[in-house]
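For reference, the structure discussed in these notes is given below.
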There are 2 protein chains.
Amino acid sequence: MATIRDVAKIAEVSVSTVSLAFSSPGRVSPRTLERIRSAAAAVGYVADPLAQSLARGRSRMIGFVVGNVGNPFFGDIRRELENYALEHEHFVLITDSSGKTDRERDLIEHLIGLKIAGLALAPSSFGPDYVKFVESIKVPMVCFDQKVAGIERDFVGSDNFLAGAMLTEHLLQLGHRRIAFIAGPQHMNTASERYRGFVETMASAGVEVNPNYVVDGQFTRSAGYEAAMRLLIQPERPTAILGANNAVALAALQAMQELGFSCPDDISLAMIDNVQWSSVITPRITMVVQDTLQLGNIIARRLLHRITDPDASNEPAQDFVLAPKFVPGNSCRRI
Amino acid sequence: MATIRDVAKIAEVSVSTVSLAFSSPGRVSPRTLERIRSAAAAVGYVADPLAQSLARGRSRMIGFVVGNVGNPFFGDIRRELENYALEHEHFVLITDSSGKTDRERDLIEHLIGLKIAGLALAPSSFGPDYVKFVESIKVPMVCFDQKVAGIERDFVGSDNFLAGAMLTEHLLQLGHRRIAFIAGPQHMNTASERYRGFVETMASAGVEVNPNYVVDGQFTRSAGYEAAMRLLIQPERPTAILGANNAVALAALQAMQELGFSCPDDISLAMIDNVQWSSVITPRITMVVQDTLQLGNIIARRLLHRITDPDASNEPAQDFVLAPKFVPGNSCRRI
DNA sequence: CGACTTTATCGAACCGGTTCGATCATCATC
DNA sequence: GATGATGATCGAACCGGTTCGATAAAGTCG
């Protein structure tokens, strides 16, 4: 590998001039610049990113930290961020915490050790310690998906209250009154907002929520399955189930199938968030989806703005909240 | 941030001794070691990984390069690798080429610039140029998923011939003779092997393959959909369709649903490779799945062996080929 | 007890860049 | 023609570690 000193020797200039020639070509005379460039080309010189990062104290890498890179929701966001970053000569390092807060912390510390230029984080936790940790990160960053109270950082996400409300309203319109809700962990903002959307929409319509119809699915497949089972074995079954995320809703569908209930003939089903291959799942589930491409785009722009604009660090944290979209399926029937 | 010189000053030793104390504690006297350790603890010293990598010419990071990190197949492998690497104090950098060979090359070069200790690569291409490029990579590496002719590296994958043969045999046993095959790109080893498994099993059973029943689905959803449509509009329709991967098979299911055919009553369907949520897809597809955990485990062990064992570089490249597993569903009926 | 090894530690060079103040030639201004 | 501003280039220090040969002290052996 050719080093900057090799280039300097061939071009008969000092090392510092070569460095200058690449970082701010305008400050080198045209003749020298040309000599340096052809010398560099001759030996195939490429600056060592590691050495650059060490000297500058900052690299051109962006950290992307989520709980599950396999989740298509995060996948779409990642792709948008990668494309945008690449256009701006930055490089995205993807990491996966498997939803574990300890590992998330390790990953972030590791990334900071790598002197990343910025960080896109989908927070996996909450509470004072966690908030303190995130607040202590001095790298430019954007949080997304989960709004965490106390973290004063740019945030990009969807209107989860609206998501819950839209599907509830839809079911009410179809004549449903016995609507069940499989909730997520209430400490998560997405989960509590979706639940609030459900509750308040029911209240506005003057329909009482049967406490037996609200169960906790933890946003996971297994807990969602158990929660759905608890709903389905009740003597007075709900006529519709609203799943607070894709995992619990599909787990509910599976439970219904196993117990021999037909969807939507026996029970209607609606869910928040899409899954891959939803179009081949029978019935096609009525859902509300997030605009992942737009979310990713905003995250990318905002993060690169904070990275590249030197006085962006003075700008106050800002929230970007997008409206989700209703996607009708055939899993809800009129009653 | 405390540096090694701060520690040296406090412990009243030279910088080189501090370095030695951390890299090979045995070569420092117990008393000095203790002084250094407590000094380091006092100022919270942690070695800068960037500076270490620069000085050593090698980092403790492992590159993971695939075409789609959202694919659960790669996701399982990634998780295994991450866990194993973490146990051995290595850190996995995930990157996604979106299946584009140019980007894959950029990513790999970027990772090498970062002086990664090793590379796990799911090759995205083939041909002399590509082989030459991969062969030129001097970092310890393991290839997986796609066996590429000409690349002399460790390879970990599944027996794709067997995968195709198993499902074909299953359909033949059920009495099917008019079996269609939605193939993948034949330059990919997985695709051609699966196809060969189909063809040879048919031949062994003395059943002729109708040329109109073999269509190209490119392993993608859209091409698979078109291919399936071509099968379904024929006057003499196949009684069973075998999808060479999950995308084309599910696209075929969608096509069948849209044309009003029932699976398995009208047409049976089988596929290679699982998808998330396959258990809520109606009907449950009969399939052959790869042992992703085992694959990931072998990749991880092999790669870390090559990284940590100094004379592993002399060991010849080795292939690890695992048998896939048959998972019955209810998408194939006896005729 | 002298010769030889072993052990502990150190200084200096190095990895491959960046950055800042200094230097010197060139040019415009009065 | 002296004065000051401007532009191009350079040397040296620095980022934060590793590594190797040198050195001195301690231990081994005949």
Side-chain angles (χ1 to χ4, degrees), chain A residues 1-37 39-40 43-61 89 109-110 112-117 138-139 310, chain B residues 1-37 39-40 43-61 89 109-110 112-117 138-139 310:
Chain A
M1 268 292 105
T3 76
I4 199 171
R5 313 195 196 246
D6 300 330
V7 177
K9 196 159 292 174
I10 296 177
E12 297 178 304
V13 291
S14 77
V15 167
S16 44
T17 306
V18 178
S19 178
L20 206 58
F22 285 107
S23 57
S24 26
R27 292 179 48 196
V28 172
S29 79
R31 272 221 327 284
T32 320
L33 185 58
E34 175 49 33
R35 282 223 313 288
I36 291 174
R37 288 215 168 129
V43 294
Y45 168 73
V46 180
D48 181 332
L50 232 49
Q52 287 191 128
S53 303
L54 180 61
R56 290 190 179 138
R58 186 163 40 88
S59 73
R60 300 185 75 79
M61 301 184 295
E89 294 169 312
E109 279 168 355
H110 218 108
I112 291 175
L114 258 29
K115 308 212 173 16
I116 47 169
K138 284 184 278 309
V139 162
Chain B
M1 267 294 105
T3 75
I4 199 170
R5 316 199 193 243
D6 300 331
V7 177
K9 197 160 291 173
I10 298 176
E12 296 178 305
V13 292
S14 76
V15 167
S16 44
T17 306
V18 178
S19 178
L20 206 60
F22 285 106
S23 55
S24 24
R27 293 181 47 195
V28 171
S29 78
R31 273 221 327 284
T32 319
L33 186 58
E34 176 48 34
R35 282 222 315 287
I36 292 175
R37 287 216 168 127
V43 294
Y45 167 74
V46 180
D48 181 331
L50 232 48
Q52 287 192 128
S53 302
L54 179 62
R56 290 188 178 141
R58 186 161 43 89
S59 73
R60 299 185 76 79
M61 302 184 294
E89 293 168 314
E109 278 167 357
H110 217 109
I112 291 175
L114 257 34
K115 306 209 175 18
I116 47 169
K138 284 185 281 302
V139 163

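Here is the naming used below: chain letters follow the sequence lines, and residue numbers restart at 1 for every chain. Since this is a predicted model, take the numbers as computed values, not measurements.
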Could you tell me from which nucleotide to which nucleotide of DNA chain C, 5' to 3', there is an atom under 4.0 Å from chain A heavy atoms? C:dG16 to C:dT19
Could you work out, with side chain to side chain contact (heavy atoms under 4.5 Å, CB included) as the rule, every residue matching B:Val46, not counting sequence neighbours? none
Quick note, side chain to side chain donor-acceptor pair (under 3.5 Å) partners involving residues 1-10 of chain A, not counting sequence neighbours, are none
Neighbour count above 12 (heavy atom, 6.0 Å) for B:Glu109 CD: yes
Here the residues of residues 13-34 of chain A within 4.0 Å heavy-atom distance, strictly under, of DNA chain D are A:Val13, A:Ser14, A:Ser16, A:Thr17, A:Leu20, A:Val28, A:Ser29, A:Thr32
Which part of the nucleic acid does B:Val46 contact within heavy-atom distance under 4.0 Å: base, sugar-phosphate only, or nothing? sugar-phosphate
Are the side chains of A:Met61 and B:Leu114 in touch, meaning some heavy atoms are under 4.5 Å apart? yes
A:Ser53 to A:Lys115 - nearest heavy-atom pair and separation: O-CD, 4.1 Å
A:Leu54 to B:Ala51 - nearest heavy-atom pair and separation: CD1-CB, 4.0 Å
Could you pull out the closest heavy-atom pair between B:Ala117 and B:Ser59, with the gap in Å? CB-O, 3.3 Å
Between atom CZ of B:Arg56 and atom CG of A:Leu50, what is the distance when rounded to the nearest 0.5 Å? 12.5 Å
Residues 21-29 of chain B side chain polar contacts: donor-acceptor under 3.5 Å, at least two apart:
unit_1	atom_1	unit_2	atom_2	d
B:Ser23	OG	B:Ser19	O	3.1
B:Ser29	OG	B:Thr32	N	3.4
B:Ser29	OG	B:Thr32	OG1	2.6

Closest heavy-atom pair, B:Gly113 versus A:Pro49, reported as atoms and distance to 0.1 Å, is O-CG, 3.7 Å
At what angle, to 10 degrees, do the two end axes of the helix from C:dC1-D:dG30 to C:dC30-D:dG1 meet, given five pairs define each axis? 40°
